[in-house]
Amino acid sequence: MTLKTPEEYLESIKRPVNLYMFGEKIEEFWNHPIIRPSINTVMKIYELAQMDEYKELMTATSHLTGELINRFTHIHQSTEDLIKKVKMQRLLGQKTACCFQRCVGFDTANALYSVTYEMDKELGTQYHERFKKYWIEVQNQDLMVGGAMTDPKGNRGKRPKDQDDPDAFLHIIDETNDGIIINGAKIHQTGFLNSHRAIIMPTLTFREGEEEYAVTCGVDTNAQGITMIYGRQASDTRKLEEGKLDIGNFKYGGQEIFVIFDNVFIPNEHVFMKGELHYASELVQRFAGFHRQSYGGCKVGIGDALIGASALIAENHGVERSSHIRDKLVEMTHLNETLFSSGIACSALGHQRPAGSYEMDMLLANVCKLNVTRFPYEIARLAEDIAGGLIATMPSEEDLKSEETGPLLKKYLTTSQEHPPEERFKLLRFIENLSLGVAAVSYRTESLHGAGSPQAQRIMISRQAKFEDKKGLAKDILDIE
Ligand code: SF4
Ligand code: FE
């Protein structure tokens with residue numbers, strides 16, 4: 001059976017890693033209260049894939065082995081697969097209300113599959129078969145794979161070679177007969193600690209002379225020479241407190257890691273690109289396209305949960321029939337479904353690559369992500385509007401439980417007999433979490449900067465916009481030569 005159960009997944013990540021948080025080395029990270037919710041989130045992926053109800057979206061048949069696999073390890077074989085991907089991501093966003101971390105490696109694999117095929121055809125390299133072998137292992141063991149793209153980049157005005165510190169961009173520092181040795185760092189690495197493996201890829205397009213940076217390879221996340229530093233998120237230490245209500249989303253959460261690679265050895269069989277400059281930029285673009293498509297699913301699912309919480313708090317406050325509240329909920333839904341529309345559209349208009357795999361429509365995927373850089377902010381603003389100022393001023397759970405202040409808070413926070421004050425407390429904290437707190441990383445800042453900042457989408461849109469064709473249309477109608 002290729003599908004891991006959630007428990008098997010949990011057991012499989014219990015391995016020694018070099019991890020730090022708050023300046024201290026962390027052992028047995030799977031028991032750490034700040035980290036555990038992010039593991040629960042990934043376990044949810046494994047859980048849903050076991051359930052008949054969700055099999056259609058959560059699993060696929062491998063074109064490499066014919067086995068039933070988790071969709072997160074699938075190489076898209078049709079536009080239907082692309083659509084199912086986005087629907088699956090919406091489902092997981094709905095179930096967890098946070099970043100579920102498994103899409104980056106998924107998107108990297110799909111980009112790398114077609115790029116290595118084309119690279120081998122043109123250059124006579126042997127990367128595609130190598131990558132297939134690597135990915136069959138991933139499918140057969142249902143491994144969680146991260147994708148490591150973003151370098152620290154040093155001075156943004158300088159090329160990699162001209163940086164004061166040569167490691168500002170991850171690069172090959174040495175080579176042996178058996179493999180390569182790399183140095184550098186990858187920052188804001190989604191789910192890196194929870195992944196068994198990660199695929200490292202370049203962050204930029206490179207010029208001649210920058211071959212050492214054009215490297216793509218697979219690495220085990222516990223490999224010798226890797227140091228991880230856990231990324232903070234707003235209000236994260238609330239997870240260390242006694243109660244759970246102040247956390248907001250007390251079951252699930254995202255995970256971002258600062259990863260340092262210090263003389264990490266990569267065996268040849270895990271190297272999928274080494275100096276092929278043109279294909280490095282192809283890989284960056286295709287990966288970004290797939291990941292921008294992803295946001296038309298995951299952010300929509302989180303948006304669904306936020307709209308639901310907003311509707312519930314309106315009921316709790318007794319204003320659910322008020323026309324301006326209904327109007328705000330409709331506006332939130334309109335924005336959210338617009339995001340979904342572009343996620344589905346770029347999937348439905350996908351195309352086949354020479355490798356046989358399918359890729360989303362690049363223009364529409366970038367339009368999708370550019371919408372994602374705006375709409376969740378407006379949805380969160382409307383949620384805050386409906387929730388009221390109490391989301392920013394409410395006393396703690398301890399005060400709610402205290403013998404002295406508890407009865408007072410309950411007296412003044414009760415809205416009606418049907419709704420216990422704890423329910424209002426939970427909803428307000430959940431909305432706070434999504435719009436201001438920990439999950440703001442996966443709902444707001446990640447909507448802006450994840451899969452590339454807005455300017456990156458504008459550049460891709462301008463490249464695909466076909467302005468000359470459009471000028472031709474106007475000229476034809478107006479008889480302009
Ligand atoms: Fe997946 Fe969304 Fe998280 Fe990216 S931000 S890994 S697409 S859930
Ligand atoms: Fe992301």
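Whatever order the structure lists them in is the order used to number ligands and atoms, beginning at 1. Sequential numbering from 1 along the given sequence is applied to the chain's residues.
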Total protein N, O or S atoms, atom 1 (Fe) of ligand 1, separation less than 2.8 Å: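 Protein heteroatoms (N, O, S) closer than 2.8 Å to atom 1 (Fe) of ligand 1 number 1.
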Taking 4.0 angstrom as the limit, do Arg286 and Glu282 come out as a salt bridge?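 Yes, charged N to carboxylate O under 4.0 Å.
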Minimum heavy-atom separation for Thr79 and Ala348, please, with both atom names.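 That would be CG2-O, 3.7 Å.
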Would you say His351 has more than 12 foreign heavy atoms packed within less than 6.0 Å of its NE2?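 Result for NE2/His351: enclosed.
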Residue pairs involving [range] (criterion salt bridge (Lys or Arg N to Asp or Glu O under 4.0 Å); sequence neighbours excluded):
range	value
residues 363-380	Glu378-Arg381
residues 138-152	Arg102-Asp142, Asp151-Lys186
residues 13-23	Glu11-Lys14

Using a strict 4.0 Å cut-off to heavy atoms of Lys299, name the atoms of ligand 1 that fall inside it.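 Selected atoms, number and element: 2 (Fe), 5 (S).
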